[in-house]
Colleague: 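I am attaching a structure below and will ask some questions about it afterwards.
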Amino acid sequence: QVQLVESGGGLVQAGGTLRLSCVVSGSTIRFNTMGWYHQAPGRQRESVATIFTDGGTNHGDSVKGRFTISRDNAKNTVYLQMNSLKPEDTAVYYCNYRPSAGGYLEVWGQGTLVTVSS
């Protein structure tokens, strides 16, 4: 069974920095697409960043240039480095596992709350 556990959220001031971690068990992240999403109250969950099996990445327009997704294959962990945080970044951040093979469901972590004060 694939499980994802996020950590690293907290309360920071605008302009501050956080690094989120997602530890994956039950599968090897090197061979699967991983992503970070966030969801604020009353809004749909939306993609923040994605890292593909070849190491390529994609970042949402609202975070491009400020956030960076990365992975440590040895630790089977995905990170989201968040710099220059803004109040509008406040949300619950979720790690996402997207199986490379068909016939398997995506897996979500429990989420970690990021709150950015002005």
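Not measured: the values here are computed from a predicted model.
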Colleague: Keeping the roles fixed (side chain from Asn32, backbone from Ile29), state whether a donor-acceptor pair exists under 3.5 Å.
Modeller: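 Not at all, since once roles are kept as given, no pair shorter than 3.5 Å links the two residues.
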
Colleague: May I ask you to test the Gln3-Val24 pair for a side-chain heavy-atom distance under 4.5 Å?
Modeller: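 With C-beta onward as the side chain, the pair stays apart.
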
Colleague: Is Tyr104 atom OH crowded by more than 12 heavy atoms from other residues, nucleotides or ligands, each under 6.0 Å away?
Modeller: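 No, because the 6.0 Å sphere around OH of Tyr104 holds 12 heavy atoms or fewer from other groups.
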
Colleague: What are the two closest non-hydrogen atoms of Lys75 and Thr77, and how far apart are they?
Modeller: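 Between these two residues, the closest heavy atoms are O-OG1, 2.9 Å.
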
Colleague: Is the closest side-chain heavy-atom distance between Leu80 and Phe67 below 4.5 Å?
Modeller: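 Leu80 reaches Phe67 side chain to side chain.
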
Colleague: Hey, are the side chains of Cys95 and Met34 touching, using non-hydrogen atoms and a 4.5 Å cut-off?
Modeller: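 Result yes, sub-4.5 Å side-chain heavy-atom pair found.
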
Colleague: For a 4.5 angstrom cut-off between non-hydrogen side-chain atoms, does Glu106 reach Asn96?
Modeller: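 They are in contact (side-chain heavy atoms under 4.5 Å apart), so the answer is yes.
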
Colleague: Using a strict threshold of under 4.0 Å (side-chain N to carboxylate O), is an ion pair present between Asp61 and Lys64?
Modeller: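 Yes, Lys64 and Asp61 are salt-bridged.
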
Colleague: Check whether any side-chain N or O of Arg66 sits under 3.5 Å from a backbone N or O of Ser84 as a donor-acceptor pair, and report yes or no.
Modeller: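 Yes: the side chain of Arg66 pairs with the backbone of Ser84.
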
Colleague: Just by modelled atom types, is the Leu20 backbone N or O under 3.5 Å from a matching donor or acceptor in the Glu6 side chain?
Modeller: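 Checking the backbone N and O of Leu20 against the side chain of Glu6, no donor-acceptor pair under 3.5 Å is found.
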
Colleague: If only atom types and distance count, is the side chain of Arg71 paired as donor or acceptor with the main-chain N or O of Phe52 below 3.5 Å?
Modeller: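 Yes; judged by distance alone, with no hydrogens or angles, the pair exists.
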
Colleague: Establish whether Met82 and Tyr79 are linked, either directly or via other cluster members, by ILVMFWY side-chain heavy-atom contacts under 4.5 Å.
Modeller: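 The answer is no; the residues belong to distinct hydrophobic clusters.
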
Colleague: Val48 versus His59: any side-chain heavy-atom pair under 4.5 Å?
Modeller: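 With C-beta onward as the side chain, the pair stays apart.
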
Colleague: Are the side chains of Gln39 and Gln44 in contact, using a 4.5 Å heavy-atom criterion?
Modeller: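 No, their side chains stay 4.5 Å or more apart.
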
Colleague: Going only through I, L, V, M, F, W and Y residues with side-chain contacts under 4.5 Å, is there a path from Val92 to Val12?
Modeller: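 Val92 does not cluster with Val12.
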
Colleague: What's the shortest heavy-atom distance between Pro87 and Ser118, and which atoms?
Modeller: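 In terms of heavy atoms, the two residues are closest at CG-CB, 4.1 Å.
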
Colleague: Ignoring hydrogens and geometry, is there a side-chain-to-backbone donor-acceptor pair from Thr90 to Glu88 under 3.5 Å?
Modeller: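 Not at all, since once roles are kept as given, no pair shorter than 3.5 Å links the two residues.
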
Colleague: Going by heavy atoms in the side chains, are Leu85 and Thr17 under 4.5 Å from each other?
Modeller: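 A side-chain contact is absent here, since even the closest heavy-atom pair is not under 4.5 Å.
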
Colleague: Counting distance only, does the side-chain N/O of Thr50 pair as donor-acceptor with the main-chain N or O of Thr57 below 3.5 Å?
Modeller: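 No, the answer is negative, given that no donor and acceptor are paired below the 3.5 Å cut-off.
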
Colleague: Here's one to test your reading of the geometry: is the NZ or CZ of Arg45 within 45 degrees of the ring axis of Tyr94 and under 6.0 Å from its centre?
Modeller: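 Here Arg45 passes the 6.0 Å and 45° test against Tyr94.
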
Colleague: Verify whether the ring centers belonging to Trp108 and Tyr37 lie closer than 6.0 Å.
Modeller: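 Judged by ring-centre distance (under 6.0 Å), Trp108 and Tyr37 do meet the cut-off.
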
Colleague: Thr112 side chain to Gly9 main-chain N or O, any donor-acceptor pair under 3.5 Å?
Modeller: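 Answer holds: yes.
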
Colleague: Could you tell me whether a side-chain N or O of Asn76 sits under 3.5 Å from a main-chain N or O of Ser27, the two making a donor and an acceptor?
Modeller: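 Pair found, side chain donor or acceptor close to backbone of Ser27.
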
Colleague: Any side-chain heavy atom of Trp36 within less than 4.5 Å of one from Cys22?
Modeller: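 The answer is yes; the side chains approach within 4.5 Å.
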
Colleague: Enter the distance from Leu18:CG to Asp89:CG here, rounded to the nearest 0.5 Å.
Modeller: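 CG of Asp89 is found 10.0 Å from CG of Leu18.
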
